[in-house]
Asks: 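Please find one structure pasted underneath; my questions will follow.
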Number of protein chains: 2
Amino acid sequence: MAQAAGELTLNQSQVLGHLRAANAPMTAYQLLGRMQNDRGAVAPPTVYRALKALEEAGLIRRIETLRAWAPVATVRPGVVVICDDCGTVRGVEAPGLLESLHERLVAEGFAEARKTIEVHGRCGDCAEDRA
Amino acid sequence: MAQAAGELTLNQSQVLGHLRAANAPMTAYQLLGRMQNDRGAVAPPTVYRALKALEEAGLIRRIETLRAWAPVATVRPGVVVICDDCGTVRGVEAPGLLESLHERLVAEGFAEARKTIEVHGRCGDCAEDRA
DNA sequence: TGGATATACGTTATAGTATAACATAGCGCA
DNA sequence: TGCGCTATGTTATACTATAACGTATATCCA
């Protein structure tokens with residue numbers, strides 16, 4: 001069951017599909033539940049393997065502070081903004097910010113490999129709802 | 001067993017002591033092991049309760065990307081820099097950077113409550129060791 | 001004084017997140 | 001055909017975190 005490079009397997013595309021259909025990040029076990037609805041018996045490694053492959057392909061990322069996963073389409077750049085009321089997540093572009101942090105660390109001799117920037121709070125829509 | 005505000009209980013000061021003695025963040029269960037060495041039977045809630053109190057007191061913080069805990073040195077730094085080789089963690093102050101991100105989000109109507117910024121890579125010392 | 005309340009901790013059990021290890025199956029190709 | 005590769009299945013277990021309930025001690029104040 002070899003797989004052409006750049007294409008998704010069935011597991012992977014199902015997991016990605018569920019993540020893209022959701023309006024908030026999903027935990028691995030929420031995904032597992034969906035997969036079991038779709039297909040019957042599915043075990044955790046099936047989901048975790050798909051998540052790993054999708055993450056390596058740059059199609060999803062883990063939201064560390066939520067222990068959950070989101071498609072990069074909703075979260076693309078470096079800064080992830082999370083509304084604790086409605087659960088939605090979006091990416092904010094802040095190239096200058098990331099750049100200056102990078103410079104700063106390089107100057108201190110630190111070789112940066114991976115950045116996680118997550119901001120929690122309440123989005124404008126939810127603030128209005130409570131106004 | 002009420003506790004004067006601002007003072008640490010025995011559990012809390014033992015947990016904090018272990019974290020300060022370590023040269024890298026520790027997981028809750030590593031701490032649990034140390035506590036058991038010190039005192040015999042100790043259960044997870046004892047450790048987690050101490051961690052929660054210490055975090056609320058601003059004395060430690062959870063390193064999300066490591067699922068581990070580290071003491072906070074004096075000022076609460078905005079950016080946590082983690083060496084994946086030696087495991088050490090340090091805080092970097094970057095007030096301008098955080099400020100500009102904050103402005104940016106306020107402009108979009110987002111009310112920020114909590115930020116997590118963690119950078120992984122290799123520190124200068126470890127780069128030298130491998131040179 | 002004594003009882004209502006609050007806080008910390010003990011204890012048991014369980015929920016939630018993630019991976020190790022080994023087995024099976026399909027595919028490309030020498 | 002038989003070998004090696006990759007994806008998936010399957011079982012078990014490790015690791016992280018919290019719920020729920022019980023006990024002890026301190027504090028407040030009627």
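Computation of the quantities below employed the complete heavy-atom set of this structure, encompassing side-chain atoms and omitting hydrogens, waters and symmetry-equivalent molecules. In what follows, every chain begins at residue 1, and chains take the letters A, B, ... in the order their sequences are listed. The structure displayed is predicted, hence computed values, not measured ones.
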Asks: Looking at every heavy atom in both A:Ala28 and A:Trp69, which two are closest together, and how far apart are they?
Replies: N-CD1, 4.0 Å
Asks: Tell me, please, which residues at least two apart from A:Glu55 pass salt bridge (charged side-chain N to carboxylate O under 4.0 Å, His left out).
Replies: none
Asks: So, taking the atom named CE in B:Met26 and the one named CG in B:Leu31, what distance separates them when rounded to the nearest 0.5 Å?
Replies: 4.0 Å
Asks: Please report the distance, rounded to the nearest Å, between OH in B:Tyr48 and P in C:dA15.
Replies: 17 Å
Asks: Any non-hydrogen side-chain atom of A:Leu8 less than 4.5 Å from a side-chain atom of A:Leu54?
Replies: yes
Asks: Using rotation axes that map the C1' atoms of four end pairs onto the next four (five pairs an end), what angle separates the end axes of the helix from C:dT1-D:dA30 to C:dA30-D:dT1, to 10°?
Replies: 0°
Asks: Figure out the CG/P separation between B:Leu10 and D:dA24, and round it to whole Å.
Replies: 18 Å
Asks: Is there a side-chain contact between B:Arg20 and B:Leu59 (heavy atoms, below 4.5 Å)?
Replies: yes
Asks: Would you please confirm or rule out a distance under 4.0 Å between OP1 or OP2 of C:dT7 and any side-chain N or O of B:Thr9?
Replies: no
Asks: Mapping B:Pro45 and B:Arg67 to their closest nucleotides on DNA chain D, which lands nearer the 5' end?
Replies: B:Arg67
Asks: Looking at A:Glu64 and A:Arg62, is there a salt bridge between them, counting it only when a charged N and a carboxylate O are closer than 4.0 Å?
Replies: yes
Asks: Atom CD of B:Glu7 and atom P of C:dT7: how far apart are they, to the nearest Å?
Replies: 16 Å
Asks: List in numerical order all residues of residues 18-40 of chain A for which some heavy atom is under 4.0 Å away from an atom belonging to DNA chain D.
Replies: A:Arg39
Asks: Quick check: on DNA chain D, is the nucleotide nearest B:Ala68 upstream (toward 5') of the one nearest A:Val42, or the reverse? Name the residue that is more 5'.
Replies: A:Val42
Asks: For A:Glu64 and C:dA18, what is the distance between atoms CD and C1' respectively, to the nearest whole Å?
Replies: 13 Å
Asks: Starting from P on D:dA17, measure out to CG on A:Leu66 and report it in whole angstrom.
Replies: 14 Å
Asks: Check whether any side-chain heavy atom of A:Leu98 lies under 4.5 Å from a side-chain heavy atom of A:Ile117, and answer yes or no.
Replies: yes
Asks: Identify the two heavy atoms, one from B:Gly87 and one from B:Ala24, that lie closest to each other, and give their separation to 0.1 Å.
Replies: O-CB, 3.3 Å
Asks: Return the set of residues passing salt bridge (charged side-chain N to carboxylate O under 4.0 Å, His left out) with A:Arg67 (not counting sequence neighbours), or none when no residue passes.
Replies: none
Asks: With side chain to side chain donor-acceptor pair (under 3.5 Å) as the test, would you mind laying out the steps for A:Arg34 and A:Gln14 before giving the verdict?
Replies: CA-CA 9 Å; A:Arg34 301 290 176 87; A:Gln14 286 188 354; over 6 Å; no
Asks: Taking only side-chain N and O atoms of A:Thr46, does any of them lie within less than 4.0 angstrom of OP1 or OP2 on D:dT10?
Replies: no
Asks: How close or far is atom C1' of D:dT6 from atom CG of A:Leu8, stated in whole angstroms?
Replies: 15 Å
Asks: Test B:Ile82 against every option in B:Ile63, B:Thr88, B:Val119 by the side-chain contact (heavy atoms from CB on, under 4.5 Å) rule and name the one that passes.
Replies: B:Ile63
Asks: Rounded to whole Å, please give me the gap between CZ in B:Arg62 and P in C:dT17.
Replies: 12 Å
Asks: Listed in order of residue number, which residues of residues 49-59 of chain A have a non-hydrogen atom at under 4.0 Å from DNA chain D?
Replies: A:Arg49
Asks: Can you tell me how far P of D:dT16 sits from CH2 of B:Trp69, to the nearest Å?
Replies: 12 Å
Asks: Could you work out, with salt bridge (charged side-chain N to carboxylate O under 4.0 Å, His left out) as the rule, every residue matching B:Glu108, not counting sequence neighbours?
Replies: A:Arg90, B:Arg104
